[in-house]
2 protein chains.
Amino acid sequence: MFDKKDKSYPIEVVADFLGVNSRTLYYYEKFSLVVPLRRGRKRYYSKQDIRWLEYVRELMYEQGMNLRSIIVLIKKRDDVILGKCPEEVVDCFKNYLMRIRDLQEY
Amino acid sequence: MFDKKDKSYPIEVVADFLGVNSRTLYYYEKFSLVVPLRRGRKRYYSKQDIRWLEYVRELMYEQGMNLRSIIVLIKKRDDVILGKCPEEVVDCFKNYLMRIRDLQEY
DNA sequence: AAATTATTTTCACTTAAAGTGAAAAATTCA
DNA sequence: TGAATTTTTCACTTTAAGTGAAAATAATTT
């Protein structure tokens with residue numbers, strides 16, 4: 001489907017590929033979940049955009065995760081990328097593991 | 001509020017303490033989010049129940065997490081406790097960290 | 001250039017998730 | 001015993017997450 005030479009794809013193609021409604025992609029964009037390139041007025045999704053959306057789909061369908069917490073995840077990602085608080089993110093997950101251990105007592 | 005000698009508390013007290021509606025606690029019980037002790041027909045929440053619910057509240061309010069994914073979290077916790085797949089849980093989080101790294105390319 | 005198709009935008013609506021109100025019945029407490 | 005609390009259940013409300021539809025616009029095809 002995706003020719004290797006093609007770097008980005010219009011919305012209907014992507015929606016089709018991911019098995020979601022194109023309106024859903026517009027909706028997600030409202031929350032900056034994914035913000036595609038623009039050529040003129042038309043949206044073009046990069047392969048990385050698509051990869052990210054596949055991951056989101058997995059989180060939603062397999063882990064039951066909601067949009068809101070994924071948006072929180074993006075915030076954390078941004079923090080990592082911006083180098084704001086790498087230790088803090090790692091601490092979050094350490095804390096998470098400790099919480100799991102705590103729950104053993106529950 | 002919580003006398004150290006008291007080991008468990010009735011629903012209204014707990015709901016009040018946590019700042020949630022008691023009906024919410026009944027609702028959560030339906031999903032086995034927390035299943036309090038029973039003395040006769042009356043529910044008694046242990047201090048550990050309460051701690052767990054505080055954690056749940058934090059996940060919901062701070063991380064925007066939904067009930068469904070928390071229920072998935074419980075499943076993972078159960079797996080840890082039952083010793084079903086300790087490595088698998090750790091792998092999940094390693095995978096998670098790798099995903100974060102992946103997202104640096106995004 | 002004209003016709004066709006796809007895209008965009010926006011509003012309103014639908015479905016699903018997550019509660020929450022209310023009331024009758026039962027139980028517990030003072 | 002009477003009052004207060006709890007329980008249960010059904011119906012409803014609010015919130016979250018889409019999704020339909022249509023007019024306008026833009027892009028593509030003929």
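All chains are named by letter (A, B, ...) in the order of the sequence lines, taking the proteins before the strands, and each is independently numbered beginning at 1.
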Review point. So which one's nearest nucleotide on DNA chain C is more toward 5', B:Leu67 or B:Tyr44?
Key: B:Leu67
Review point. From the list D:dA17, D:dT7, C:dG19, which nucleotide is the closest neighbour of the side chain of B:Arg43?
Key: D:dT7
**Study point:** Separation of C:dC13 P from A:Arg23 CZ (nearest whole Å)
**Key:** 15 Å
**Study point:** N or O in side chain of A:Asn66 less than 4.0 angstrom from D:dA17 OP1/OP2
**Key:** yes
Review point. Are any of A:Thr24's side-chain N or O atoms less than 4.0 Å away from OP1 or OP2 of D:dT19?
Key: yes
Exercise for review: Say whether B:Gln63 and A:Ser69, considering side chains only, have a donor N or O and an acceptor N or O under 3.5 Å apart.
Suggested key: no
Review point. Under the criterion side chain to side chain contact (heavy atoms under 4.5 Å, CB included), which of A:Asn21, A:Leu67, A:Leu33 is the partner of A:Tyr27?
Key: A:Leu67
**Study point:** Distance-only donor-acceptor test, A:Arg68 side-chain atoms vs D:dT15 base atoms, 3.5 Å
**Key:** no
Check your understanding: Over how many whole Å does the gap from A:Leu59 atom CG to D:dA17 atom P extend?
Key -> 14 Å
**Study point:** Sugar-phosphate, base or nothing in reach of B:Tyr28, heavy atoms under 4.0 Å
**Key:** sugar-phosphate
Study note, to complete from the structure: Separation of C:dT20 atom C1' from B:Ile11 atom CD1, nearest Å, is 13 Å
Review point. Rounded to whole angstrom units, what separation is found between the CD atom of B:Glu29 and the P atom of D:dT9?
Key: 12 Å
Exercise for review: May I ask you to decide if B:Arg41's main-chain N or O and B:Arg38's side chain share a donor-acceptor pair within less than 3.5 Å?
Suggested key: yes
Check your understanding: To the nearest angstrom, how far is A:Lys30 atom NZ from C:dA12 atom C1'?
Key -> 12 Å
Review point. Atom NZ of B:Lys42 and atom C1' of C:dC29: how far apart are they, to the nearest Å?
Key: 8 Å
Practice item. Please state how far atom CD in A:Glu12 lies from atom C1' in D:dG20, giving the value in whole angstrom units. Key: 13 Å
**Study point:** Selection from D:dA17, D:dT8, C:dG19 that lies nearest to any side-chain heavy atom of B:Tyr27
**Key:** C:dG19
Review point. Over how many whole Å does the gap from B:Arg38 atom CZ to C:dA26 atom C1' extend?
Key: 12 Å
Exercise for review: Determine, for A:Glu29 against A:Arg43, whether the closest basic-nitrogen to carboxylate-oxygen distance falls under 4.0 angstrom.
Suggested key: yes
Study note, to complete from the structure: Ranking A:Asn21 and A:Arg41 by the position along DNA chain D of their nearest nucleotide, the one closer to 5' is A:Asn21
